[in-house]
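Since the structure comes first, as structure tokens, the remarks are kept for the end.
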Protein chains: 2
Amino acid sequence: MAATLRDVARRAGVSIKTVSNVVHEREYVRDTTRAVVRAAIDELGYQPNLSARSLRSGRTGVIGLAVPEVKLPYFAELADSVIAAAKARGLTVLIEQTGADLDTERELLRSPRLQLTDGLIFSPLAMSQTDVGLLAVDYPLVILGERIFDTPCDHVAMDNLAAARAATEHLIAAGCRRIAAVGAHAGEDLGSAALRLRGYRAALEAAGIAYDERLVGYVGLWHRHDGAAAMSELLERDLGIDGVFGMNDTLALGALRALGEAGHRVPEDVKLIGFDGLDETRYASPSLSTIDPGRVEIARTAVRVLHERIDERVSGAKRAPSVRYTTDYELIERESTRGSGIRL
Amino acid sequence: MAATLRDVARRAGVSIKTVSNVVHEREYVRDTTRAVVRAAIDELGYQPNLSARSLRSGRTGVIGLAVPEVKLPYFAELADSVIAAAKARGLTVLIEQTGADLDTERELLRSPRLQLTDGLIFSPLAMSQTDVGLLAVDYPLVILGERIFDTPCDHVAMDNLAAARAATEHLIAAGCRRIAAVGAHAGEDLGSAALRLRGYRAALEAAGIAYDERLVGYVGLWHRHDGAAAMSELLERDLGIDGVFGMNDTLALGALRALGEAGHRVPEDVKLIGFDGLDETRYASPSLSTIDPGRVEIARTAVRVLHERIDERVSGAKRAPSVRYTTDYELIERESTRGSGIRL
DNA sequence: TTGAAAGCGCTAACAC
DNA sequence: GTGTTAGCGCTTTCAA
């Protein structure tokens, strides 16, 4: 059996409290006592029982991260950044997948599994204004994504609209006039897809290019095959497409494949830009221009805000007003939008 | 404050035990009583306190998954599969990253954070024979990867050697004679890289092709840029390479990029095969031939075995002997190894 | 600076 | 079928 505080105390000939003080590196322990206790801890290989500690203290040291799917490259990289940021604060991360399913997202917020968690970082995809009430939970919650609802939650997001606009303007500056947008979600008007589509439209409008609904490719999820399928369908319409805005990199890479299959050269015939700044965009052929949303900063900020909320809650301090953080993005220009077809 | 069992009991006018029986859906509860208790649970919004439950029962319902990096696509997909398999059994997954660092891997096995966990699925990368003793831990542990050491742990793996051999034989059958291997680890002789290199050599030998050390590309990690860099270096040696075995898909996709930059067409000039069956290999241009290692089955088996060990431990049953599961692989032929350059 | 003791919420004997 | 009760290992007043 694993050694307990009591065992260590007995072994060291002191009380349980003293051992606890040593474990927590509190002052007011005589050096000699501390040494004896330390020795006993080592001999017994004592490790605190985290279940007991959290039962008593009300904290588990674990935070939840809920994303649609970890295997989507954007969320894999996000998870990586969140885990790193959490580790730096001594927190562990428990990952939940929602599958971008509305019911799963709803249930998640009330899931008993969250009991094991001090707070949650949630990247919703399916929820809409109707579900805003569900976000009023009694544990610390940080939402990744625009502050689309009026809720008491903290939000951390990039400026999707401005970034999408910048991406589209980049295509326009490269000479494109018939620009397709791949990745729209039918009926959505608050999520990332909707905001990015709005940014796309804003750029067109500012450039005096008419918005053509036929140039918008709708998809279900943001997988590669969705991008490829939507692109193929758009190409079949024969609309003279000379530029493509992929609403994320995965879609754009799928679209790249479809463009190649249909005999269109990128960037000579069609220029293409993605969104997310995935590592792999660097290694595509041609390499893919994209928007770097500052994922590391998003993760770090979300973890910090959540951690502050957790402390606030435990210490009983009064709740600071909820905040919205917007991180900076950056446009990365690569081969897929170069004027000439020359490779790096 | 959250409602407790006691609160529910009081509200329903029954004892704590009865409530517990209802919560656990045990028999021997009168239907009318059950209804009353259920109503009280709903009214109070009662949720069991998982910390208390695990302190008492010694189980947390959480399993750990330790991988080098979740953002490496293979591990992202593996994590996805493990999370799905765990969910099917009512288990939650806590992800630990080792960064492929030896010290981190060693520490992980003794980490107090594992206290929150009933058992661990561990995909080691840096550990070697020297560290075999560390695997003798007192909690359920399933190793992903070959049973390279003689340990009391269960192992779940594919047959790396046979699969690598099959991949190489596929290149040979396609007419390649100067086949490079990208992704070897210097000094390793037990891990996946070493086994796959052995498979590669076995295939060459069986075909009567001399092994040429200069055709082997060494890398640190298995990232895209490692594959690209190693490939570039190999090409500079001007060895007449006509085939490339990427030890995983990510490396192969990096190599694909480097081949393109150097003006080599795939598959016309050089044929290329990867390893892992990543979803994205389907959408590369050209699409990448690869080995599907049966990731879903690996994940499902690992979770099942771990779950059995956990039950065994809790029930006090005697420990069944440790096992090794080998899953089936499958070679997926795509454009990158086609005889002609015709696209699908 | 250290010790004693209460209790976090739950499970599982054991009693009725 | 249902109730009582003793801890699981820890934190934390309060007292010494």
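Heavy-atom basis, side chains included; hydrogens, waters and symmetry copies ignored. Chain A is the first sequence line, chain B the second, and so forth, proteins listed ahead of strands; every chain is numbered from 1.
- Look at A:R295 and A:E77 and you find a salt bridge, because one of the NZ, NE, NH1 or NH2 atoms lies within 4.0 Å of a carboxylate O, short of that distance.
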Worked verdict on A:L144 versus A:I121 for side-chain contact (heavy atoms from CB on, under 4.5 Å): CA-CA 7 Å; A:L144 296 185; A:I121 296 176; 3.7 Å; yes
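- Cation-pi contact between B:R309 and B:Y139: absent, since separation from the ring centre below 6.0 Å together with deviation from the ring axis within 45° is not met.
- Side-chain atoms of A:N21 never come within 3.5 Å of backbone atoms of A:R26 as a donor-acceptor pair (strictly under, hydrogens ignored).
- For the 3.5 Å distance criterion, the side chains of A:R324 and A:T326 qualify, holding a donor opposite an acceptor.
- One can place CG of A:D7 at 13 Å from C1' of D:dC8, the figure rounded to the nearest angstrom.
- Side chain to side chain, B:T92 and A:R113 meet the donor-acceptor criterion of an N or O pair below 3.5 Å.
- One atom, CZ of B:R59, and another, P of C:dG9, lie 23 Å apart when rounded to the nearest Å.
- B:N49 has its CG atom 17 Å from the P atom of D:dC10, to the nearest Å.
- Spacing between atom CZ of A:R6 and atom P of D:dC10 amounts to 10 Å, rounded to whole angstrom units.
- Looking at B:I83 and A:I95, their side chains come closer than 4.5 Å, going by heavy atoms from C-beta outward.
- At whole-Å resolution of the value, CD in B:Q115 and P in D:dC8 are 16 Å apart.
- Side-chain N/O atoms of B:S15 include one lying less than 4.0 angstrom from OP1 or OP2 on D:dG3.
- With a 6.0 Å cutoff to the six-membered ring centre and a 45° limit on the axis angle, B:R11 does not count as a cation-pi contact of B:Y46.
- Between the CZ atom of B:R10 and the P atom of C:dG9 there is a distance of 11 Å, given to the nearest Å.
- With hydrogens and angles left out, the side-chain atoms of A:S322 and A:D154 include no donor and acceptor closer than 3.5 Å.
- Taking side-chain N and O atoms only, A:T18 has no distance below 4.0 Å to OP1 or OP2 of C:dT1.
- Here the C1' atom of nucleotide D:dT12 and the CG atom of A:N21 are 10 Å apart, to the nearest Å.
- At its two ends the helix from C:dT1-D:dA16 to C:dC16-D:dG1 runs along axes set 30° apart, each axis drawn from five pairs and the angle rounded to 10°.
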Contact letters for nucleotides 11-16 of chain C, in which S counts primed atoms plus P, OP1 and OP2 and B counts the base, heavy atoms under 4.0 Å: BBB---
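- Counting only heavy atoms from C-beta on, A:L55 has its side chain closest to C:dC8 among D:dG1, C:dC8, C:dT2.
- In this structure, A:T33 reaches the sugar-phosphate backbone alone: every heavy-atom distance under 4.0 Å involves primed, P, OP1 or OP2 atoms, never a base.
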